[in-house]
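Notes follow once the structure below has been shown.
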Amino acid sequence: MKYVDEFRSETLARDLAATIAREADPGRSYAIMEFCGGHTHAIFRYGVQDLMPGNVSFVHGPGCPVCVLPIPRLDNAIEIAERHKAILLTYGDMMRVPASKRRSLLKAKAGGADVRMVYSVADALKVARANPERQVVFFAIGFETTTPPTAVALLTAEREGLANFSVFCNHVLTPSAMQQILDVPGQSIAIDAFLGPSHVSSVIGSAPYERFARDFHKPVVIAGFEPLDVMYSALMAIRQLNEGRAEVENQYTRVVTREGNLKAQAMVAEVFELRDSFEWRGLGAVPGSALRLRERFRAFDAETRFALTPSTGTDVKGCECPAILRGQKKPLDCKLFGTVCTPDNPVGSCMVSSEGACAAYWSYRRHQAGEHMPAEDEAFGEEAVA
Amino acid sequence: MKYVDEFRSETLARDLAATIAREADPGRSYAIMEFCGGHTHAIFRYGVQDLMPGNVSFVHGPGCPVCVLPIPRLDNAIEIAERHKAILLTYGDMMRVPASKRRSLLKAKAGGADVRMVYSVADALKVARANPERQVVFFAIGFETTTPPTAVALLTAEREGLANFSVFCNHVLTPSAMQQILDVPGQSIAIDAFLGPSHVSSVIGSAPYERFARDFHKPVVIAGFEPLDVMYSALMAIRQLNEGRAEVENQYTRVVTREGNLKAQAMVAEVFELRDSFEWRGLGAVPGSALRLRERFRAFDAETRFALTPSTGTDVKGCECPAILRGQKKPLDCKLFGTVCTPDNPVGSCMVSSEGACAAYWSYRRHQAGEHMPAEDEAFGEEAVA
Amino acid sequence: MARRFPVRLDIARGKVEMTHGGGGRAGAQLVEEIFFRHFGNAELAKAADQAQLSIAGGRIAVSTDSHVVSPLFFPGGDIGTLAVNGTVNDVAMAGAQPLWLTAGFILEEGFPLADLDRIAASMARAAAEAGVEIVTGDTKVVDRGKADGVFITTSGIGVIPEGVSLGAARIQAGDAIIVSGSMGDHGMAILSRRESIDFDSPVESDCAPLNGLVGVMLAVAPNLHALRDPTRGGLAAVLNELAHDSGTGMLIDEQAIPVSETVHAACELLGLDPVNIANEGKLVAFCPAAEADRLVAAMRTHPRGRDAAVIGHVTPGQAGLVRMRTRFGGERVVDWLNGEQLPRIC
Amino acid sequence: MARRFPVRLDIARGKVEMTHGGGGRAGAQLVEEIFFRHFGNAELAKAADQAQLSIAGGRIAVSTDSHVVSPLFFPGGDIGTLAVNGTVNDVAMAGAQPLWLTAGFILEEGFPLADLDRIAASMARAAAEAGVEIVTGDTKVVDRGKADGVFITTSGIGVIPEGVSLGAARIQAGDAIIVSGSMGDHGMAILSRRESIDFDSPVESDCAPLNGLVGVMLAVAPNLHALRDPTRGGLAAVLNELAHDSGTGMLIDEQAIPVSETVHAACELLGLDPVNIANEGKLVAFCPAAEADRLVAAMRTHPRGRDAAVIGHVTPGQAGLVRMRTRFGGERVVDWLNGEQLPRIC
Amino acid sequence: MCLAVPAEVVSLDLETQTAVVALGQVKKQISIALLESVTVGDFVLVHVGFALNRISPEEAARTLQLMAEAGLLGEEEAA
Amino acid sequence: MCLAVPAEVVSLDLETQTAVVALGQVKKQISIALLESVTVGDFVLVHVGFALNRISPEEAARTLQLMAEAGLLGEEEAA
Ligand code: SF4
Ligand code: SF4
Ligand SMILES: [Mg+2]
Ligand SMILES: [Mg+2]
Ligand SMILES: [Mg+2]
Ligand SMILES: [Mg+2]
Ligand SMILES: [Mg+2]
Ligand SMILES: [Mg+2]
Ligand SMILES: [Mg+2]
Ligand SMILES: [Mg+2]
Ligand SMILES: [Mg+2]
Ligand SMILES: [Mg+2]
């Protein structure tokens, strides 16, 4: 497949690995945060870490849209399906994310709620057209990549007067999250450089990351999602660090420009506006970090259409997702990893999506866990979960 | 079981059979029409005909509520379920009755319509209460026995304000049917005497039949439903005929009085009024032979609630139900009996309910059919049915 | 080695989820912690694609039944007991000793694990009583609204003793027709719990394994001609099938058919006939008339045959026709039940 | 004698009705005019409670699978072909020659008889290809909304040749891991027809019987250690199960796993991995490394094994862990598929 | 359809106009809305879940008596 | 979630703002509402059923070239 296979060449990977090993200064270490879950997935899926010298490590960032959605929002989504009996449509990964009281959309569905997976928000519109007598709600999540399709869907719904359709909007913004990670007052950050989002940047462009490179003096390399992209971007970051530079560089030039997709940006701006603040799992309340529907689309806003109960659900005690999402801990630092928390019974959101650091560790790297894994005869009851 | 077992005594049956054989005049025959399907069923179920002398025969009358409902009414019931998407509730026997174009409620159900059997109209109210968002229609059929329960249900629905409940009323009256059978201008009637309805009479009393005995000079014996009741009533009719009497006699005094159940009659009168005319399968349009809801209950009348399409469906050519229901033919006189028409694939309504003459013949007496039954190698395609 | 399932299934409060059917770890856990736990035997525990079993040469009987009974739990049993006995009995009706069962489960998303656990326990008990092992199985999950709680398909294998040969083809005019006990208990127990019919009564399903009784019968009447369990469609269906398949007629005596007072009363209430009502722990036997009394006497020594009785005989001519001398002294045809009156009793 | 069913089933236009499941004449007619007609064999035609079969003594393999695939008809097959091959293959994975199948049908009221007829025809064709007979069965009908068209549970019985003994317990470090052909075709064919995913592609299910191929394999490698068909959960699930059950580790080479270009592309589109996608006409074999080349060569002579390849080997230690050397040169764990992504593919 | 069975009233709930009736050990709840009065121990004729009428024990006995007498005539004949 | 794949546009329906894209022999209908312009033969990045952007063949070639050059340094090392 064009633009796929050639970016997965084993030969080139071996050569690049040697180059990186040669250029990485053995006298220091390189902690490179891949902001996006997509990068996390590629790193694990292809075993990229294996090809890196010991002093170059990837730190998994908060860029997994499934991982960062806080429990109260998920509780509200369940409420829309259960109490308001709407058809709730969402992208697949959301189904298993733990909500309050060990609930999830999957469990709500098993209990009789009409929750369905869709591949695209375009399918959500189809469901709404096919069920005019039902309330159909699209549970919109994601960064700047999934936001433009939601904007298109809302503009379409408005044009068609699709009165039974609404959106429960949880779209969030990557720059605000990056800001939050870097701007920890009184703490020095253990991250040396960032791999910037690839697909997000294809929409918003590389310009929004320039201030981070400048203000926090951290190199940012906009990196493609294929494993060679990741390796080469890591090399670019290492070179910047070696040279004392801190710039935004764009490795993913085949898709990303400095200004991004202006048409998509315009549609997003037409439909959405900034929220004052939004709660992120792991990062807490982040000012200006999320979008909501503009007044003009109020009729399609599930948050106004349904009376939603404020939820006070919090993460399970012991779950290290917050620290992991900030890059401060690794999955293996969590005592619940692989014991009470597995992809079949995720305790935290990071154990759900293959872009979540814990799930990626579980699926692809858990043999490195060693004594962290429970022995055959240890008993793990549910009481371990608060 | 009290009032059951003692009316099924084999010893007494044998004795009564001997008495009838002795009293029946060998010089004549006795054609006794059992008006009610309940009697038809008892006669076949217990083999009562076997115990009668050759010159005493039972002629099966129109008293099967399932059998007499004309196709257009059934088409409308299907329309309520299919086009108006109501929950249609009905007594079990109705499910297989043939409507136009070889449809039936059972086939409508298989096609996705929400048609459900109920044991009692009281269950229909329960369904209506449990499904407030759906239209719930009770497909009311039957003679004066099932009418009072429908009246109770409508009074209850009115009291409760059960707005989603309605009744598709097809209640019919036995005396009008009897009138129709007797009053065939220019034809002499081959029926010597009637066994009058038992349970109908328990509601309306025996008085309504007095004018038939008088005007048409035919003995009427109100007969219980157990086989001994039928035998003894036949004896009473034979005695009347032997003695040249034509009276209403009441064999079923343990339940039936001359005036009937006055409370039930009052409730029926409160809820229903006479229709000018009603179509019967077999008998055609019979004036004053059916009931409809009074103006006060208009809100609960499915005929006004739903726009129903007049249907022109007619009986299948070759089906002798009309003549059978008038007592002019026997099931074995029908060429379709047992060939294209069986209880699994009924062509006419008489092949459906166990109270229908054809079904009773099929289930209990078809070994007498002899050469009427199709041979193993005859082919019967659907083309035989119009 | 790491445990595959660190967190135990929450059987008390859990529900079947689509995850349990996707071919992943969750499904393996469900199977292990519910089915293996209850059915536990060496062959099953191998968790292989199939059971591998040793068998002596000869003739075997193989049968299958899908069970879709509603409600799932009823007086005298549940879908689990039914699924085991329904197949054990079909194997036993060949005169075979049932040895092994397989079980295929179709689960509806949302089905309570506690109910599934209870059903599996019932199956284990029923299998133990019948002396069979559940040696292999399969589990699927379908979306809510695409099934009705749980459907269970069982298949059974049994070994037919040397010299035993039962079947419709061996039925001949003059044979005595014997039933092992009262008719209609199972079907009536189910009906008593149906939403639109429900009544109170002490009637319980007769659901039970019949292989023990069959063993007793073969011991005294190795020349038995045919056995059939009158399940769906009741006695009437079985007699009609066998009359048709054997090309004989049959005449039975209503008075001789054992029916409990309660089933009789419930039949009156519902307008049904006990000969049309299903049984799950009864059989109908055909044997030479001369052996009938000895056979009935032997059957009565077994708990499942205490009310055994000769109810009629096979007639020449009128092939395929089943007649009954009524309790009232008349005669009538005994037909299959018409229509759909009694769905989902098994 | 009167014909039992004077009016033929209207297969072209008819639908399944509750009547077909009530134990009456209508159900007998459905079974006779659809199932007997297609499956026709002497044993089935007896319409008995069970099949009675002659068998030589020795070891037999018994398996069962319930089939709930959605959609019922898919590129390369339908639920009927799947129901036959799914069980034939599980029997064949014991090295057994499958002889007999049973089939339990659960039909949803309203299901078109024409579709049922088409499915029965598929089953008959698949059974003929596999050389098995469908010797007994069962049919139930449930109300509309209580099933999803049709579910089919098949059970199979096969005879294991003298000296053949396959199973997880025989897998040992050093064994070669072989697959018989490309991975993921069946699951991807199903997914391509799923309402919320649908894409166009030439990918067809590989649904096919494997007993012929197994025969070829046993002829050259009677010392084969284990066979398993990578169905639900795909290659990853099978390797994880067997690694766990045999207490070994496994290491496979991504590059060596045969995957068609189209399945590869579809996986990219959907974010799936071919090792997690179901197959219905492929097997995974474990044999001593020394025999691997000879075995693969023999497999390639059979149409179902043309793309056979060694994909890895069994390792000592790291019991239960399956690792993969990625095409990219790294290494990763190969886990079961997490979650519910691919329900109802079989 | 026209099925009606005699059953004994074993308990009454005048509030809801319902009764529990028994046929042997089979008990079923029915409506008594169509009856003027009914007491526990009465036998009623039950049709589609409603009591249509009470059954008179005296009349039942009288009918059985009449039938027996008529039968006697036949019995002689048969003898 | 963040899955996006490069696919070639094989047909366009400007009326409905949709295109059929191909990954090898796999074809899927997607929305092109987010793109200013697109022509048959373009490669686009497909995400949740929408084309997010076009892929520049020149830039892709350049990136591969850069990577190859960087790899050469390593290859020498490894050699
Ligand atoms: S392993 Fe589970 S509990 Fe621990 S941090 Fe990850 S998601 Fe949270
Ligand atoms: S046998 Fe059938 S077609 Fe003939 S009269 Fe009776 S119902 Fe009509
Ligand atoms: Mg069976
Ligand atoms: Mg059975
Ligand atoms: Mg049976
Ligand atoms: Mg299986
Ligand atoms: Mg359900
Ligand atoms: Mg299997
Ligand atoms: Mg299988
Ligand atoms: Mg298998
Ligand atoms: Mg069966
Ligand atoms: Mg359905």
Side-chain angles (χ1 to χ4, degrees), chain B residues 1 4-5 7-14 16-17 38 41-52 89 92-93 95-96 106 109-110 116-120 123-124 126-127 226-228 230-231 342-344 346 351-355 359-369 373 376, chain C residues 191-192 194-199 201 233 236-237 240 243-244 247 249-251 253-256 259-276 315 317-344:
Chain B
M1 275 174 296
V4 174
D5 298 328
F7 292 91
R8 295 181 191 169
S9 154
E10 180 178 1
T11 336
L12 200 41
R14 220 181 303 115
L16 273 181
H41 179 74
I43 288 165
F44 284 103
R45 168 79 178 73
Y46 297 99
V48 174
Q49 183 72 66
D50 289 346
L51 301 172
M52 293 287 141
L89 302 158
D93 277 342
M95 296 295 283
R96 287 181 299 129
L106 189 72
K109 178 172 184 284
R116 309 182 193 175
M117 282 184 274
V118 285
Y119 170 80
S120 168
D123 296 327
K126 284 184 201 156
V127 173
E226 294 300 335
L228 281 184
V230 173
M231 287 185 78
T342 65
D344 293 319
M351 191 52 102
V352 175
S353 160
S354 65
E355 295 166 20
Y361 247 87
W362 169 269
S363 289
Y364 297 128
R365 307 296 290 182
R366 70 177 185 283
H367 59 307
Q368 302 179 328
M373 297 297 289
E376 185 78 32
Chain C
L191 285 180
S192 74
R194 282 283 168 78
E195 210 181 329
S196 61
I197 296 178
D198 69 308
F199 54 84
S201 89
N240 272 279
H244 180 271
M250 295 186 186
L251 180 62
D253 182 358
E254 188 172 23
Q255 195 85 47
V259 177
S260 81
E261 285 222 4
T262 305
V263 168
H264 178 45
C267 278
E268 288 298 323
L269 179 71
L270 301 173
L272 294 170
D273 195 318
V275 300
N276 294 123
T315 63
Q318 290 196 302
L321 197 75
V322 181
R323 290 168 301 140
M324 176 193 271
R325 190 176 173 283
T326 73
R327 197 183 298 258
F328 192 68
E331 193 187 295
R332 65 172 176 95
V333 174
V334 176
D335 197 20
W336 309 59
L337 186 66
N338 294 322
E340 79 303 350
Q341 291 94 324
L342 301 172
R344 303 191 59 192

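Because only heavy atoms are used, hydrogens play no part in the values below, and waters and symmetry mates are left out as well, while side chains stay in.
The CG atom of B/D50 sits 10.5 Å away from the CZ atom of C/R325 when rounded to the nearest 0.5 Å. In this structure, the separation between NE2 on C/H264 and CE on B/M1 is 3.5 Å, given to the nearest 0.5 Å.
If you measure heavy-atom distances from B/R116 to chain C, you find no contacts under 4.5 Å at all. Proximity to chain C is absent for every atom of B/M351, based on heavy atoms less than 4.5 angstrom apart. C/E261 does not touch chain B: none of its heavy atoms, backbone or side chain, sits under 4.5 Å away. Contact annotation for B/V352: neither backbone nor side-chain heavy atoms come within less than 4.5 Å of a heavy atom of chain C. Heavy atoms closer than 4.5 Å to chain C are found in both the backbone and the side chain of B/Y46.
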Test side chain to side chain contact (heavy atoms under 4.5 Å, CB included) on C/L270 and B/Y119 and set out the steps. CA-CA 9 Å; C/L270 301 173; B/Y119 170 80; 4.2 Å; yes
Evaluate side chain to side chain contact (heavy atoms under 4.5 Å, CB included) for B/L228 paired with C/F328, printing each intermediate quantity in order. CA-CA 9 Å; B/L228 281 184; C/F328 192 68; 3.7 Å; yes
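At distances below 3.5 Å, not a single donor-acceptor pair connects side-chain atoms of C/R332 with backbone N or O atoms of B/G47.
Across B/A17, B/S120, B/S363, B/A13, the residue that shares the most heavy-atom pairs under 4.5 angstrom with chain C is B/S363.
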